[in-house]
Amino acid sequence: MLKKLFSHTAIYGLAPQVSKIAGFLALPIITKELTSSDYGVYGLLTAYTSAISVLSILGLRLVLVNSFYHSPKQYKWSWRQIYGFLNLWNIIYAIILGILVLVIIPPEASANKWLILFLNIIPLVFFGQTSMVGLTYYQLNQKPMQIAMRSLFFGVLTVALNVILIAYYKMGYMGWFWANFIVGILNNLSYWYPLNVKYKITPIYNFKWKHIKKSLKVSLPIIPHHYSSYLLDSSDKVLMDFEKISTSDIGKYNVAYTVGNIFNALGVAGGYAVGPLMNEKYKKNDDKGARDLIFVMQIAFFFLTFTASLWMKEVFQLMIQNKSLNTLYPLAIIIVMSYNYRPMYLGSVNKLFYKEKTTFLWKLTLTAAIINVVLNLIFMPFYGYKAAAFTTFAAFLYMGYAGFYYKIFKEINNTNFYQLWWLIATIVLTFLAYEFVEYSIITKIFISIISSLAIFLCIVKFNKKLS
């Protein structure tokens with residue numbers, strides 16, 4: 001069980017987030033050719049476009065997942081109708097996205113506004129949500145190698161394109177947009193053939209509105225939930241723009257967030273991997289087994305985030321070949337440690353998803369988002385872009401742990417998650433990482449060995465329980 005959890009997490013993490021991981025690996029080469037303004041333009045445009053990205057699938061992935069488990073013999077009929085509906089809907093969504101790009105594009109990128117618009121909307125118009133449906137099919141049928149092969153190929157391709165376009169052709173921020181466009185097109189093509197031809201999951205455009213309305217009734221309440229996640233992940237840069245913080249300083253924050261993106265990807269991957277395993281436990285009424293999966297994931301996250309934070313200074317000196325940017329590692333530590341919220345967050349929401357109690361979720365995530373926005377508005381005028389890292393940390397902790405105290409979760413929960421102790425551990429480890437990063441290399445090697453032994457013993461213990 002644990003072998004499947006860890007291997008699937010590693011594989012699923014590369015699929016949807018491959019460009020972020022590949023981009024990080026290319027940093028030593030491309031950062032020599034980039035300025036903080038380049039990071040600012042790309043980060044700001046990505047933040048704004050992410051603001052409406054939740055509308056691209058209207059929460060319907062939840063319906064795909066639930067129909068797979070609740071109607072295993074008829075799910076393809078449901079999927080084909082949703083696939084067709086989303087293909088049509090994404091044309092409308094592409095128009096909305098294009099208008100947004102034209103409205104919010106910063107002065108530094110105005111010369112390329114029409115090209116940036118084109119690169120953002122063409123994949124949506126031609127493919128809709130093909131890659132999302134294909135990825136979901138392989139995930140739920142537990143065929144991770146299909147995702148692994150795509151991840152490996154497109155990961156290498158993204159690195160190559162970033163290096164060629166940014167380091168060789170000196171395209172600056174446009175190199176990222178072109179690389180994302182090319183990889184996005186090819187990734188969708190790789191899913192289109194098996195989905196439509198091999199597995200016969202072709203879009204039905206003459207779909208039954210009754211089925212679509214029923215599906216939207218379940219999925220639409222999750223939109224505020226997912227939008228709130230955006231407010232936590234990306235709205236910081238939008239608020240910086242409103243607060244008239246310079247594009248250069250926004251770029252500095254984006255650099256500090258670079259490592260955080262890796263752990264965000266890992267958190268998403270963990271969700272993809274642990275979701276089907278927890279659902280199997282819930283089908284057997286084994287809530288304790290589902291909880292133990294979350295405990296293993298949380299322990300693994302503690303180890304990975306703490307170790308990364310411990311060596312963050314050296315990582316920045318190695319990977320960020322720019323003296324004005326590689327001193328931002330203290331902010332990166334706060335951002336990375338904030339992603340320890342993810343496993344416990346999944347612990348509270350996954351059963352709500354399984355029980356289709358989706359109307360509650362927006363209360364949890366929207367409250368966390370409001371906390372983030374309000375704290376940013378209070379502290380950014382005094383502390384600038386640096387305040388965003390600490391406000392994100394506070395908001396993520398709320399989202400990760402508050403769900404356990406809501407009445408609707410208590411009504412369906414049958415086991416103790418010991419959430420208060422995990423919360424305290426998160427705060428303590430963050431403080432230690434922030435302090436230990438300045439220690440000598442020898443001391444940090446010793447700390448790494450001790451923590452590695454501790455994580456090994458914990459995993460062995462839980463492996464016996466879950467085997």
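Remember, it's a predicted structure, so these values are computed and weren't measured experimentally.
In this pair, Trp422 and Phe302 present their aromatic rings tilted. The plane angle is within the 30 to 60° band. Taking the six-membered ring for Trp and thresholds of 30 and 60 degrees, Tyr434 and Phe390 have ring planes more than 60 degrees apart, a perpendicular arrangement. Between Trp77 and His211, the two ring planes are tilted [angle within 30° to 60°].
Using a 3.5 Å distance cut-off with no hydrogens or angles, the side chains of Trp176 and Thr46 do not pair a donor with an acceptor. A donor-acceptor contact closer than 3.5 angstrom links the side chains of Asn340 and Thr305. For Asn180 and Tyr42, the side-chain atoms include at least one donor-acceptor pair closer than 3.5 Å.
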Fill in: Audit row: Phe396, Tyr339, ring-ring contact (aromatic ring centres under 6.0 Å, His included) steps and yes/no
CA-CA 7 Å; Phe396 272 150; Tyr339 280 100; 5.1 Å; yes
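Minimum heavy-atom separation, Asn87 to Tyr205: ND2-OH, 3.0 Å. Leu140 approaches Val65 most closely through the heavy-atom pair CD1-CA, 3.8 Å. Summarising the geometry of Tyr93 relative to Ser53, their closest heavy-atom pair is OH-CA, 3.0 Å, with the distance given to 0.1 Å. Between Asn196 and Thr202 the shortest heavy-atom distance is O-CG2, 3.2 Å. Closest approach of Phe154 and Ser190 over heavy atoms only: CE1-OG, 3.8 Å. Closest of all the heavy-atom pairs between Trp89 and Leu55 is NE1-O, 2.7 Å.
Ion pairing between Asp287 and Lys351 holds under the 4.0 Å rule for side-chain N and carboxylate O.
The backbone N or O of Tyr83 lies less than 3.5 Å from no partner atom in the side chain of Gln129, so there is not a single donor-acceptor pair.
Checked against the 6.0 Å centroid criterion, the rings of Tyr406 and Phe409 do not qualify as a close aromatic pair.
Environment of NZ in Lys386: sparse, with no more than 12 heavy atoms of neighbouring residues, nucleotides or ligands closer than 6.0 Å.
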